[in-house]
Number of protein chains: 2
Amino acid sequence: MNIRRQITVLKNLPSAARQTQIRERFAERPGVSVSGLALEFDVSAMTIRRDLAVLEDQAHIQRTHGGAVLTQRMMLEFDYRGRRENNGAAKKAIAREARKLVQSGQRLILDTGTTTLELAVLLKDALNITVITPSLAVASELQHAPGVEVILLGGVIRRGSPDLTGPATEHCLELFAADLAFQGADGIGLDGAIYNSDLRLARVDKIMRRVATQSCVLADHSKIGQTALARNGTLADVDFFITNTAAPAAILKRFARLGPKIITVKP
Amino acid sequence: MNIRRQITVLKNLPSAARQTQIRERFAERPGVSVSGLALEFDVSAMTIRRDLAVLEDQAHIQRTHGGAVLTQRMMLEFDYRGRRENNGAAKKAIAREARKLVQSGQRLILDTGTTTLELAVLLKDALNITVITPSLAVASELQHAPGVEVILLGGVIRRGSPDLTGPATEHCLELFAADLAFQGADGIGLDGAIYNSDLRLARVDKIMRRVATQSCVLADHSKIGQTALARNGTLADVDFFITNTAAPAAILKRFARLGPKIITVKP
DNA sequence: AGCTAAACGAACATATTATAACATTTACAC
DNA sequence: GTGTAAATGTTATAATATGTTCGTTTAGCT
């Protein structure tokens with residue numbers, strides 16, 4: 001009876017919990033088998049395969065026939081509070097549109113943020129570009145891209161945040177000149193003000209726009225009308241503003257009058 | 001009777017109490033399911049979802065399909081060709097000796113390298129120090145240390161190497177002043193010359209010594225008598241040289257005449 | 001090489017869960 | 001009581017996860 005209850009703990013778990021459990025199996029054993037896990041968690045083998053496929057993307061295992069083993073290469077772990085993606089689809093669509101602005105040979109600046117991180121994913125197959133970023137996540141994403149040179153800005157590592165800020169970042173940024181800067185935002189005021197939830201990030205964002213010839217703000221519609229701690233400028237200072245069509249047309253029209261080219265995407 | 005009372009305790013609770021209870025579930029299980037909790041607390045699934053949404057904001061958990069799991073730190077992977085540790089014991093002993101040179105409140109520079117990485121491990125419990133480094137491995141190691149502020153230098157990410165180099169790194173380094181710089185070396189010539197196997201690292205090392213009041217070179221005996229591509233200076237430029245006792249005493253005596261304090265450790 | 005059993009992946013069908021909007025209940029002040 | 005706000009429940013629809021089937025690939029064997 002007791003045994004049964006303990007086993008039950010491993011059943012009827014949400015998929016993410018099951019995947020975490022699978023990962024922990026590697027602490028005990030060097031490898032796992034699909035059939036064994038299927039039995040253990042009382043799900044079909046197909047589900048385990050899908051779990052392993054997810055883990056292969058995220059969690060550094062290597063799939064084999066019949067199971068998986070730990071990845072060979074060594075990892076450096078950086079803290080990253082896995083925030084919930086709020087408008088994942090919109091962010092991806094916005095990133096796709098942003099990708100179209102990029103041409104071969106350009107030097108880009110990529111800000112911290114989930115939307116810019118999505119853009120980084122799409123830039124993996126770019127040719128001969130340089131990406132300057134304060135984000136360890138962006139750097140991690142692009143480090144293997146053959147056509148991309150990654151320059152990480154210096155600075156203080158904020159605890160629990162995968163990015164760099166501070167005076168050093170600002171000084172470091174001043175060393176560069178870029179063609180195009182992509183920035184996220186934690187809020188866009190109805191008057192077009194751009195907000196960050198962190199003062200240091202706001203200062204960095206301001207400098208990014210100065211050292212880049214053109215700049216582009218990426219924000220899904222949920223950010224519009226929101227404010228946050230620090231204002232880093234207004235849409236009058238940027239050249240492109242990309243959002244999704246769920247944003248009120250009247251407000252976008254007002255934003256357009258400030259100067260930036262407004263681009264909207266479907267989802 | 002007892003059982004009944006315990007079950008009853010879980011029903012008709014104010015929302016905050018229920019949320020606390022949910023949080024405690026994570027101590028027992030790897031994750032919780034919406035349907036299970038709904039049954040357990042005798043409320044609708046929607047209510048549980050709202051509870052989890054609240055708990056998610058408090059940063060403890062992460063919602064998933066079907067339930068929630070504890071927030072997991074996402075790993076940012078940086079390639080790290082795990083080189084074979086040649087004189088692991090000697091390097092650890094050298095790092096222990098280097099650790100003794102560090103005092104609270106100091107600003108340190110830690111170079112790239114396996115020996116300096118060992119030192120980073122020992123610095124985790126230091127109080128109120130600042131570590132400036134071009135090494136992602138060092139930064140990763142120290143990011144959670146409460147008494148350590150980590151400043152990562154900017155620069156180009158070398159493919160397959162966990163460190164930053166290039167003109168940006170050099171400029172960035174110039175922004176700082178430190179009390180003590182710790183450097184590794186790929187070779188120490190019999191004349192006291194310090195060698196790196198990478199030209200860019202050599203330039204960075206040279207600047208490190210300039211911006212630091214004192215400097216310390218860490219190298220096990222196998223490096224003595226070796227040369228490498230780039231010479232970044234000589235032992236006459238450094239204040240401390242730490243190696244292990246397997247190094248020939250005659251050569252160490254000659255090194256001492258150049259100026260640095262020579263420290264040897266047993267293994 | 002050729003064979004065989006196991007494992008894989010794609011596509012579809014099904015079941016479960018999430019979200020948003022609205023309806024209802026509860027709690028509490030007055 | 002009555003009004004109000006917060007919490008909870010309900011429903012329809014969308015999104016996601018899972019199971020199943022089947023043709024293909026793979027590992028291991030002779």
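Below, chains carry the letters A, B, ... as their sequence lines are ordered, and counting in each starts from 1. Just so it is clear, the model here is predicted, and its values are computed rather than measured.
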Query raised in the report: How is A/Ser33 classified with respect to the nucleic acid when contacts are heavy atoms under 4.0 Å: base, sugar-phosphate, or nothing?
Result: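 If one applies the 4.0 Å heavy-atom cut-off, A/Ser33 turns out to touch nothing in the nucleic acid.
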
Can you find a heavy atom in the side chain of [X] that is under 4.5 Å from one in the side chain of [Y]?
X	Y	answer
A/Arg158	A/Leu164	no
A/Phe241	A/Ile188	yes
B/Thr47	B/Asp51	yes

Check the distance between [N]'s [atom2] and [X]'s [atom1] and give it to me in whole angstrom.
X	N	atom1	atom2	answer
A/Asp42	D/dT18	CG	P	12 Å
A/Asp51	D/dT18	CG	C1'	10 Å
B/Leu37	D/dT8	CG	P	14 Å
A/Leu39	D/dG19	CG	P	13 Å
A/Met46	C/dA15	CE	P	19 Å
B/Arg49	C/dA20	CZ	C1'	12 Å
A/Gln19	D/dT16	CD	P	15 Å

Query raised in the report: Are any of B/Thr47's side-chain N or O atoms less than 4.0 Å away from OP1 or OP2 of D/dA7?
Result: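 It does not, given that no N or O in the side chain of B/Thr47 lies less than 4.0 Å from OP1 or OP2 of D/dA7.
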
Query raised in the report: Under 4.0 Å between a side-chain N/O of B/Ser44 and OP1 or OP2 of D/dG9, yes or no?
Result: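 Checking D/dG9 against B/Ser44, a side-chain N or O does come within under 4.0 Å of OP1 or OP2.
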
Just compare [options] and give me whichever is closest to any side-chain atom of [X].
X	options	result
A/Ser15	C/dC8, D/dA17, D/dG9	D/dA17
A/Arg63	D/dT18, C/dT17, C/dG9	C/dG9
B/Val34	C/dA7, C/dA18, D/dT8	C/dA18

Report task. Search all heavy atoms of A/Gly184 against all heavy atoms of A/Asp111 and return the closest pair with its distance. Result ->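 Smallest interatomic distance, heavy atoms only, reads N-OD2, 3.7 Å.
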
Query raised in the report: Nearest heavy-atom pair of B/Ile22 and B/Phe26: which atoms, and what distance?
Result: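 Scanning both residues, the minimum pair turns out to be O-CD1, 3.5 Å.
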
Query raised in the report: Which comes earlier along DNA chain C counting from the 5' end, the contact point of B/Gly67 or that of A/Ala45, where each point is its nearest nucleotide?
Result: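 Looking at the nearest nucleotide for each, A/Ala45 comes out on the 5' side.
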
Report task. Taking A/Asp239 for its side chain and A/Pro260 for its backbone only, find out whether a donor-acceptor pair lies under 3.5 Å. Result ->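 No, the answer is negative, given that no donor and acceptor are paired below the 3.5 Å cut-off.
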
Query - Nucleic acid footprint by protein, nucleotides 22-30 of chain D - heavy-atom cut-off 4.0 Å, B for base, S for sugar-phosphate alone - result: ----SS---

Report task. Report yes or no: do A/Arg231 and A/Asn196 form a side-chain donor-acceptor pair below 3.5 Å? Result ->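 No, no side-chain donor-acceptor pair sits under 3.5 Å.
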
Query raised in the report: Any chance the side chains of A/Asn244 and A/Asp220 put a donor and an acceptor closer than 3.5 Å?
Result: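 No, because no side-chain N or O of A/Asn244 sits under 3.5 Å from a partner of the opposite role on A/Asp220.
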
**Report entry** Separation of A/Gln143 CD from A/Glu141 CD (nearest 0.5 Å)
**Finding:**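 Taking CD in A/Glu141 and CD in A/Gln143, the distance rounds to 9.0 Å.
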
Report task. Answer yes or no: side-chain N or O of A/Arg50 and base N or O of D/dG19 forming a donor-acceptor pair under 3.5 Å. Result ->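 Looking at the base of D/dG19, it does pair with a donor or acceptor on the side chain of A/Arg50 (distance under 3.5 Å).
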
Report task. Could you point out which residue of A/Val217, A/Val265, A/Thr264 forms a side chain to side chain contact (heavy atoms under 4.5 Å, CB included) with A/Thr243? Result ->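 Running side chain to side chain contact (heavy atoms under 4.5 Å, CB included) over A/Val217, A/Val265, A/Thr264 with A/Thr243 returns exactly one hit, A/Thr264.
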
Report task. Please report how far the helix from C/dA1-D/dT30 to C/dC30-D/dG1 bends, comparing the axis fitted to its first five pairs with the axis fitted to its last five, to the nearest 10 degrees. Result ->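 Roughly 40° between the end axes, to the nearest 10°.
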
